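Working notes, structure below.
The basis for the numbers below is simple: all heavy atoms, side chains too, and nothing from hydrogens, waters or symmetry mates. Predicted model, so just to flag it, every value in this text is computed and none were measured.
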Amino acid sequence: MSSLQLRPYQEADAPAWDDFVDHCMDATFFHRIGWRRVITEAFGHDCHYWLAERDDEIVGVLPLVRVRSLLFGDNLVSMPFGVYGGVATAEPEVRTALQDKACQLADSLGVGSL
């Protein structure tokens, strides 16, 4: 089995991202890449979308959004304004790797919670 690679989402990944989401049992409508644009443009939040690849094929995705609020503080959230979020994958190894990446990102951003 090839090694797992994690990297930030890039605009060129949009078709492959949505194709993965469409076929992943863990993914929901809120994992679709269009939500990234909605959150960025409508709400002005910074998005940190990550994907896991093996052999140049997406095997997991994790949408994260930095939400800053005077009332609730500075947080890293998967799918604010949506019903479901979190890691979407069929592989436990990928889930763990993306969750670890989320923790590293939260630490580096200095947010109050993840």
Side-chain angles (χ1 to χ4, degrees):
M1 187 180 294
S2 299
S3 66
L4 185 66
Q5 303 294 319
L6 303 181
R7 66 174 177 83
Y9 165 83
Q10 300 170 3
E11 290 299 324
D13 296 321
W17 179 290
D18 277 345
D19 185 58
F20 173 80
V21 167
D22 289 345
H23 295 94
C24 179
M25 296 294 289
D26 282 352
T28 71
F29 176 81
F30 299 103
H31 284 89
R32 293 187 57 79
I33 205 61
W35 273 104
R36 183 178 186 273
R37 192 173 89 210
V38 170
I39 290 168
T40 301
E41 293 178 9
F43 299 102
H45 297 304
D46 295 327
C47 292
H48 301 271
Y49 277 39
W50 283 83
L51 57 92
E53 291 179 311
R54 190 177 286 118
D55 296 327
D56 295 324
E57 182 178 330
I58 295 176
V59 293
V61 298
L62 175 58
L64 295 168
V65 180
R66 188 173 189 178
V67 179
R68 297 176 186 163
S69 163
L70 292 174
L71 184 59
F72 298 109
D74 187 6
N75 303 288
L76 196 56
V77 179
S78 182
M79 291 302 86
F81 319 112
V83 179
Y84 297 106
V87 175
T89 185
E91 301 179 33
E93 172 195 14
V94 174
R95 179 174 309 285
T96 299
L98 284 168
Q99 288 171 339
D100 289 348
K101 179 55 73 178
C103 291
Q104 293 168 7
L105 179 60
D107 286 344
S108 71
L109 293 174
V111 296
S113 69
L114 169 63

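- Note: the hydrophobic cluster containing L76 does not contain Y84 (ILVMFWY, side chain heavy atoms under 4.5 Å, direct or indirect links).
- In this structure, the side chains of M79 and I39 come closer than 4.5 Å at one or more pairs of heavy atoms.
- Hydrophobic cluster membership is shared by V87 and L4, with clusters built from Ile, Leu, Val, Met, Phe, Trp and Tyr side chains linked at under 4.5 angstrom.
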Show your reasoning for whether side-chain contact (heavy atoms from CB on, under 4.5 Å) applies to T89 and L98. CA-CA 10 Å; T89 185; L98 284 168; 5.5 Å; no

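- A search for salt bridge (Lys or Arg N to Asp or Glu O under 4.0 Å) contacts involving D26 returns R95, not counting sequence neighbours.
- To the nearest 0.5 Å, atoms CG (D18) and CZ (R32) are separated by 4.0 Å.
- Pairing each heavy atom of R54 with each of E93, the nearest pair is NH2-OE1, 3.1 Å.
- Minimum heavy-atom separation, S78 to L62: OG-CD1, 4.2 Å.
- Not one N or O on the side chain of T40 forms a donor-acceptor pair closer than 3.5 Å with the backbone of R37.
- Listed here is the closest heavy atom pair of K101 and L6: CB-CD1, 4.0 Å.
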Set out, in order, the CA-CA distance, both residues' side-chain angles and the distance that settles side-chain contact (heavy atoms from CB on, under 4.5 Å) for V65 and F43, then state yes or no. CA-CA 11 Å; V65 180; F43 299 102; over 6 Å; no

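- Remark: E57 CD is loosely packed, at most 12 non-hydrogen atoms of other residues, nucleotides or ligands lying under 6.0 Å away.
- Minimum heavy-atom separation, E53 to L51: CG-CD1, 3.3 Å.
- Taking D19 as the reference, H23 meet the side-chain contact (heavy atoms from CB on, under 4.5 Å) condition, with sequence neighbours excluded.
- Residue A102 comes nearest to L64 through the heavy atom pair CB-CD1, 3.8 Å, listed as atom of the first residue, atom of the second, then distance.
- The distance from the CD atom of Q99 to the CD atom of Q104 is 12.5 Å, given to the nearest 0.5 Å.
- Between the CZ atom in R36 and the NE2 atom in H48 there is a gap of 9.5 Å [rounded to 0.5 Å].
- Ring geometry, W35 versus F30: the interplanar angle falls from 30° to 60°, so the pair is classed tilted.
- Annotation for R7: atom CZ counts as buried by contact number, over 12 foreign heavy atoms lying within 6.0 Å.
- Hydrophobic side-chain contacts under 4.5 Å tie M25 to no other Ile, Leu, Val, Met, Phe, Trp or Tyr residue.
- The hydrophobic clustering, which links ILVMFWY residues whose side-chain heavy atoms are closer than 4.5 Å, places Y49 and V67 together.
- Two different hydrophobic clusters hold L114 and F72 under the rule that ILVMFWY side chains link at heavy-atom gaps under 4.5 Å.
- Residues W50 and V61 fall into different hydrophobic clusters, defined by Ile, Leu, Val, Met, Phe, Trp and Tyr side chains chained together at heavy-atom separations under 4.5 Å.
- Taking CG of L109 as the reference point, atom CG of D74 lies at 7.5 Å (rounded to 0.5 Å).
- Contact record, G86 with P63: O-CD, 3.6 Å, taken as the closest heavy-atom pair.
- Without hydrogens or angle criteria, W17 side chain to I58 main chain gives no donor-acceptor distance under 3.5 Å.
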